[in-house]
There are 2 protein chains.
Amino acid sequence: MTETATAAGPRSKSEQAYAAVKARIVDGTYSPGYRLVLAKIAEDLGVSVVPVREAIRRLEAEGLVKFERNVGATVSGIDPTEYLYTMQTLSIVEGAATALSAPLIGAADVARARAVNEEMRECLEHFDPVRFTRLNQDFHSVLFEHCPNPHILDLVHRGWNRLASLRSSTFRFVPGRARDSVDEHEALLRLIETGAAADEIERAARLHRSATLDAYLAQATSTEQQTAQQ
Amino acid sequence: MTETATAAGPRSKSEQAYAAVKARIVDGTYSPGYRLVLAKIAEDLGVSVVPVREAIRRLEAEGLVKFERNVGATVSGIDPTEYLYTMQTLSIVEGAATALSAPLIGAADVARARAVNEEMRECLEHFDPVRFTRLNQDFHSVLFEHCPNPHILDLVHRGWNRLASLRSSTFRFVPGRARDSVDEHEALLRLIETGAAADEIERAARLHRSATLDAYLAQATSTEQQTAQQ
DNA sequence: GCAATAGTTATCGTATACGATTTCGTACTC
DNA sequence: GAGTACGAAATCGTATACGATAACTATTGC
């Protein structure tokens, strides 16, 4: 359902393989570090290795897998540095996407986003981080789905996919951060409703993500362990 | 001779093919609309079609070629809409890259960039748009090459590659724009030298590219012809 | 003369096969 | 017992082959 404009035609086997493996990475079936053996995946999917190889290379281009010559592919890891890069990039492209979308966001969209945000608030009460995370994506989707520039939208999706692939690993919910996040969402909606300048919306959206990154970094620093040094 | 062996290990044939075809697209040997026949390229490069196919798909992911199932690949076209998307995206990621690089740019770098910019000014006198364009890339390379976030840097490079592939087509030099561009370069250097805030540098860099886009759009509107409708 | 259709050709998509490279386990030496 | 050398297994990388699909061409009917 996150596919970008599927033209509904008969998909080639390489596309099937791409979609299948991508889905497994994003939903956590293949978690970071998982070894992707071409022959095995090919057998699972009932195709030969050639289209699988092509699919893997596409996923590599998106940063979801790491490919080493004559060695093989693994699901991209949880290196904190990579996390920082991804979040920083996402803050930029997502900020832009949100700002570009803003003029196209209608009252109905805002209402929908607000409803999602209130659900998120409830998740805070019952401590349901899994649901919270999913709702968070829904919320932001409303904000940037109207982005008129498909290139930027694609970059946003890529960033989210990378984050999704890390979700089930050490990069978790930073407790104190969630409540602030919900409040920032509400503030963002207000800006959009009142037709604030694009600059301002972009800045707010970008800071929203930067704050999440900072919260993570603060936590990581306090923990002060190099969990993944490889 | 086109290959610039970058001190890496033995490249796979798919990588050779990727680099070779990419180079031909970027340097204009294969101009937009050019039909990329797998078998033909394979023969030219002395490899089989499988690695060529993989290379083409990678180039597709970068937006340099367009691939249609059971039909074939062509070098991505010059659709004005795509141009707009690319420039807009580039203005965002390049602005960010420049801002992130700024604190890392030393006096020597600024001097180098300034020298390049003065050369560009000379090109205006002798009307040498080809050289101007190349120098322009050199100038901006100095600004963002220190970008500490490789993801963002990669996005910038992709954008430049796409523009390069269009260079030899109808998207040309907009005469009145070039002089302003050189002045904006100088202003950018001043901001960097004086250690201006990242926000300010980002804004300036972004506007610099937006202005180029606007100049093109103004020209395109006045021309008002759909030159390439195919 | 033009449109529709059938046959031909060109090109892609993928399966299979095999050589190349790496990795892992085992035996041997010091 | 530790380290090294060798060999076997696993896996990747690419060539080749062939079926599938779309583009092209010639022929037929009107």
Side-chain angles (χ1 to χ4, degrees), chain A residues 3 6-22 24-25 30-77 230, chain B residues 3 5-22 24-25 30-77 229-230:
Chain A
E3 258 69 71
T6 43
R11 297 192 304 175
S12 67
K13 297 192 177 180
S14 68
E15 280 165 358
Q16 285 176 239
Y18 167 77
V21 176
K22 181 174 179 175
R24 283 169 175 69
I25 293 173
Y30 297 157
S31 49
Y34 186 91
R35 180 80 185 282
L36 297 167
V37 177
L38 298 187
K40 189 172 175 303
I41 294 173
E43 192 180 359
D44 287 352
L45 300 177
V47 301
S48 81
V49 295
V50 177
V52 172
R53 179 185 165 83
E54 186 175 302
I56 299 288
R57 298 298 297 246
R58 274 177 74 183
L59 292 167
E60 183 195 19
E62 294 182 23
L64 288 176
V65 311
K66 190 166 173 294
F67 206 92
E68 209 172 341
R69 178 171 162 76
N70 280 322
V71 174
T74 53
V75 176
S76 280
Q230 103 184 46
Chain B
E3 260 68 67
T6 49
R11 297 192 303 175
S12 68
K13 297 192 177 180
S14 67
E15 280 165 359
Q16 284 175 240
Y18 167 77
V21 176
K22 181 173 180 175
R24 282 166 175 69
I25 293 174
Y30 296 157
S31 49
Y34 186 91
R35 180 82 186 281
L36 297 167
V37 178
L38 298 187
K40 189 171 175 304
I41 294 172
E43 192 181 358
D44 286 352
L45 300 177
V47 300
S48 81
V49 295
V50 176
V52 172
R53 180 184 163 82
E54 184 175 303
I56 298 290
R57 298 298 299 245
R58 274 177 74 182
L59 292 167
E60 183 195 20
E62 293 182 24
L64 288 176
V65 312
K66 190 164 171 298
F67 207 93
E68 209 172 341
R69 177 173 162 78
N70 281 321
V71 174
T74 54
V75 176
S76 280
Q229 185 72 348
Q230 107 183 39

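Just so you know, these numbers come straight off a predicted model, no measurement behind them. In what follows, every chain begins at residue 1, and chains take the letters A, B, ... in the order their sequences are listed.
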Protein within reach of the bases, or only the backbone? For nucleotides 18-24 of chain C, mark each nucleotide 5' to 3' as B, S or -, using heavy atoms under 4.0 Å. ---SSS-
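Side-chain nitrogen and oxygen atoms of A:Lys13 include at least one within less than 4.0 Å of the OP1 or OP2 phosphate oxygen of C:dA15.
Panel note: side chain A:Thr74, backbone A:Arg35; no donor-acceptor pair is recorded below 3.5 Å.
With rounding to the nearest 0.5 Å, the separation of CD1 in A:Ile41 from OH in A:Tyr30 is 5.0 Å. The line from CZ of B:Arg24 to CG of B:Asp44 is 7.0 Å long, rounded to the nearest 0.5 Å.
If you measure from atom CG of B:Leu38 to atom C1' of D:dA15, you get 15 Å, rounded to the nearest angstrom. Straight-line distance from the CD1 atom of B:Ile41 to the C1' atom of C:dT11: 12 Å, rounded to whole Å. The CD atom of A:Glu15 sits 9 Å away from the P atom of C:dG13 (whole-angstrom rounding). Across the protein-nucleic acid pair, A:Arg35 atom CZ and D:dC12 atom P stand 6 Å apart, rounded to whole Å. Per the geometry, CZ belonging to A:Arg11 stands 22 Å off P belonging to C:dC12, to the nearest Å.
Of the residues in residues 48-67 of chain B, those with a non-hydrogen atom less than 4.0 angstrom from any atom of DNA chain C are B:Arg53, B:Phe67.
The side-chain hydrogen bond (donor to acceptor under 3.5 Å, both in side chains) search around A:Glu62 returns A:Tyr18, not counting sequence neighbours. Taking the side-chain hydrogen bond (donor to acceptor under 3.5 Å, both in side chains) definition, one finds that A:Glu43 meets it with nothing, sequence neighbours left out.
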N/O donor to acceptor pairs below 3.5 angstrom from side-chain atoms of residues 45-59 of chain B, sequence neighbours left out:
{"from": "B:Arg53", "atom 1": "NE", "to": "A:Glu54", "atom 2": "OE1", "distance (Å)": "2.7"}
{"from": "B:Arg53", "atom 1": "NH2", "to": "A:Glu54", "atom 2": "OE1", "distance (Å)": "3.2"}
{"from": "B:Arg53", "atom 1": "NH2", "to": "A:Glu54", "atom 2": "OE2", "distance (Å)": "3.3"}
{"from": "B:Glu54", "atom 1": "OE1", "to": "A:Arg53", "atom 2": "NE", "distance (Å)": "2.7"}
{"from": "B:Glu54", "atom 1": "OE1", "to": "A:Arg53", "atom 2": "NH2", "distance (Å)": "3.3"}
{"from": "B:Glu54", "atom 1": "OE2", "to": "A:Arg53", "atom 2": "NH2", "distance (Å)": "3.3"}
{"from": "B:Glu54", "atom 1": "OE2", "to": "A:Arg57", "atom 2": "NH1", "distance (Å)": "2.9"}
{"from": "B:Glu54", "atom 1": "OE2", "to": "B:Ser14", "atom 2": "OG", "distance (Å)": "3.2"}
{"from": "B:Arg57", "atom 1": "NE", "to": "B:Glu60", "atom 2": "OE1", "distance (Å)": "3.1"}
{"from": "B:Arg57", "atom 1": "NH1", "to": "A:Glu54", "atom 2": "OE2", "distance (Å)": "2.9"}

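Within the structure, ring pair (Phe, Tyr, Trp, His ring centres under 6.0 Å) contacts touching residues 46-66 of chain B (residues at least two apart or in different chains) do not occur.
When all heavy atoms of A:Lys66 and A:Ser76 are compared, the pair lying nearest together is N-OG, 3.8 Å.
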